[in-house]
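Okay, structure first, notes after.
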Amino acid sequence: MGSPAFRIGHGYDIHRLEALYPRGRGRPMILGGIKLDHDMGPIAHSDGDALMHAITDALLGALGEPDIGQIFPDTDPRHEAQDSAVFLTEAVRRVRSAEYAIANVDATVVLERPKLSGYKDAIRRNLARVLEIEPSCVNVKGKTHEKVDAIGQGLAMEVHVVAMLVKRDAAPPQ
Ligand code: MG
């Protein structure tokens, strides 16, 4: 049994949002390593970057490795307010050491406010930098939850990601 030429991974994350500290317990809202201007932010042990968390899990999932919570437990004080690029960088390292390359990453961020459109390019470029792939291979889509449920009321944000890995010695597609 060799390793498959392609592996697909799915990642998901959700964080509750509260007013920024000290009015609430919200941390500054960071998505894909970019700070968003908002009066609310995620409740999180790390920096609460749900987009990086979901991409990390998509890559780990594609590899069939333990998930982000198993590798970086939120009970570990070293991860308090941790820059989530550390988690994502570790997932990228594992992709490489399994002799895969990241073909592309596609993410959907479900967030009522703020609007993602003004931040998308910066997020995409920063994710591409951390993933060490071209920005054209990273896609970030913003959706609202149409005011439905807690996400629609701005009380949480949710991220869905799929990522495709390709075996480094795989023949290029015809
Ligand atoms: Mg998370």
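Each ligand, and each atom within it, is numbered from 1 in the order the structure gives.
By the salt bridge (Lys or Arg N to Asp or Glu O under 4.0 Å) test, R129 is found to be paired with no residue, residues two or more places apart in sequence or in another chain being considered. Remark: R16 pairs with E18 by the salt bridge (Lys or Arg N to Asp or Glu O under 4.0 Å) rule, at least two apart or across chains.
Other members of the hydrophobic cluster containing Y12, listed by chain and number, are I14, V110, I151; membership follows side-chain contacts under 4.5 Å among ILVMFWY residues, whether direct or relayed.
For K141, the NZ atom is densely surrounded, since the number of other residues' heavy atoms within 6.0 Å is greater than 12.
Here the NE2 atom belonging to H15 is positioned 12.5 Å from the CG atom belonging to L111, to the nearest 0.5 angstrom.
Among protein atoms, those of element N, O or S found less than 2.8 Å away from the Mg ion (ligand 1) are D13 OD2, H15 NE2, H53 ND1.
Under the 30°/60° scheme for interplanar angles, the aromatic rings of H10 and H160 are found to be tilted.
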